[in-house]
K.L.:
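Take a look at this one; I'll ask things after.
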Amino acid sequence: MQKGQMLYEGKAKKIFRTDDENIYWVVYKDDATAFNGAKKGQVANKGLLNNKISSLFFKMLKKEGIDNHFIENISENEQLIKKVEIINVEVVVRNVATGSLVKRLGFTEGEELSEPIVEFYYKNDALNDPFINEDHIKILKLADPGQVQQMREQGLRVNTVLKRFMEQLGIILVDFKLEFGVDSEGKVLLADEISPDTCRFWDIKTQEKLDKDRFRQDLGGVEEAYQEILKRLEAKI
Ligand code: UDP
């Protein structure tokens, strides 16, 4: 497989074409950003760690019957993925109240939700990724109602599988963000990445944060937290 022209450079990854038009080549970077790019930094080995963690999650989800864009790892910080047309909607699923649920809606920090909450955000840097609902998605033509239903259902299925899986590693899956794309057959396919950059993970015993909130909140030990997630995953898989 040959790496071709770069198609896109995002905050955490670069995407290249390959000699197969249906396959893209992803390079995971060590760059870290938060608050829509307002806070910038580098986390040593983040590219390598997120590439490995995300690949393990995607493989596990596939085994559990949740298809996704992951094909294979090609180096410590690179993977091949199936080409999809990304839907510009971020799907957030929450199990435990923190962040905006506390600030905006008055939930208690750390409160377990009686059932998961699914939220949609418009993936648009210029607008700061605003919160949107299904009507906005339809009128903005980001996705049709059937696709929204698919994203919601797949988001909840990922949540069920990932939450149970992380519990076995002694980790609470607080919340996470997913992205989906449309593949060449028109199917809504789970895409992007699943990693401590895109999930909140709390240690069950100590409640210690093992995710990007360590970077967002300047808590230190960011690399160590990501290493800990990988260590627990590798011990289980
Ligand atoms: N998230 C993400 N990328 C984003 C926004 C959110 O990966 O652009 C993840 C984040 O890591 C967390 C979840 O989605 O696990 C909810 O994040 P949000 O920013 O909505 O949190 P809150 O507003 O509640 O603090």
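Start at 1 and go down the list; that is how both ligands and their atoms are numbered. Along the sequence shown, residues are numbered consecutively beginning with 1.
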K.L.:
Got the closest protein heavy atom to atom 22 (P) of ligand 1, with its distance?
P.N.:
Ser100 N, 3.3 Å

K.L.:
Heavy-atom count around Glu224 CD within 6.0 Å, excluding the residue itself: above 12?
P.N.:
yes

K.L.:
Ignoring hydrogens and angles, state whether a donor on the side chain of Asn124 or Asn88 is under 3.5 Å from an acceptor on the partner side chain.
P.N.:
no

K.L.:
Taking atom types as modelled, find out whether Asn128 and Asn36 have a side-chain donor-acceptor pair closer than 3.5 angstrom.
P.N.:
yes

K.L.:
Would you call the rings of Phe131 and Tyr121 parallel, tilted or perpendicular, taking 30° and 60° as the class edges?
P.N.:
perpendicular

K.L.:
Indicate yes or no: does Lys177 engage Asp129 in a salt bridge with an N to O separation below 4.0 Å.
P.N.:
no

K.L.:
Out of all atoms in ligand 1, which are within 4.0 Å of some heavy atom of Lys177? Include the element for each.
P.N.:
1 (N), 2 (C), 3 (N), 7 (O), 9 (C), 14 (O)

K.L.:
Do Arg200 and Asp213 sit within salt-bridge range, that is, some charged N less than 4.0 Å from a carboxylate O?
P.N.:
yes

K.L.:
Counting from 1, what ligand 1 atoms have a heavy atom of Thr98 closer than 4.0 Å?
P.N.:
24 (O)

K.L.:
Given Leu173, Thr33, Val92, which has its nearest heavy atom closest to atom 16 (C) of ligand 1?
P.N.:
Val92

K.L.:
For ligand 1, which atoms sit closer than 4.0 Å to a heavy atom of Glu90?
P.N.:
4 (C), 5 (C), 8 (O)

K.L.:
Which atoms from ligand 1 have a heavy atom of Gly99 less than 4.0 Å away?
P.N.:
22 (P), 24 (O), 25 (O)

K.L.:
Just jot down the ligand 1 atoms closer than 4.0 angstrom to any heavy atom of Phe176, in number order.
P.N.:
14 (O), 15 (O)

K.L.:
Which atoms of ligand 1 sit under 4.0 Å from any heavy atom of Thr198?
P.N.:
7 (O), 9 (C), 11 (O), 15 (O)

K.L.:
Are Phe58 and His69 an aromatic pair by the rule of ring centers under 6.0 Å?
P.N.:
yes

K.L.:
I need the nearest protein heavy-atom contact for atom 17 (O) of ligand 1: residue, atom name and distance, please.
P.N.:
Arg200 NH1, 4.0 Å

K.L.:
Would you say Glu76 has more than 12 foreign heavy atoms packed within less than 6.0 Å of its CD?
P.N.:
no

K.L.:
On a heavy-atom basis, I'd like to know which of Asp175, Asp211, Asn36 is closest to atom 13 (C) of ligand 1.
P.N.:
Asp175

K.L.:
Do ligand 1 and Glu119 have nitrogen or oxygen atoms that lie under 3.5 Å from each other?
P.N.:
no

K.L.:
Mark up the atoms of ligand 1 that fall under 4.0 Å of a heavy atom belonging to Asp197, in ascending order.
P.N.:
7 (O), 11 (O)

K.L.:
Strictly by modelled atom types, are Asn95 and Asn159 linked by a side-chain donor-acceptor pair under 3.5 Å?
P.N.:
yes

K.L.:
May I ask you to identify the nearest protein heavy atom to atom 18 (P) of ligand 1, giving residue, atom name and distance to one decimal place in Å?
P.N.:
Arg94 NH2, 4.0 Å

K.L.:
Which of the numbered atoms in ligand 1 are below 4.0 angstrom from a heavy atom of Arg216?
P.N.:
10 (C), 11 (O)

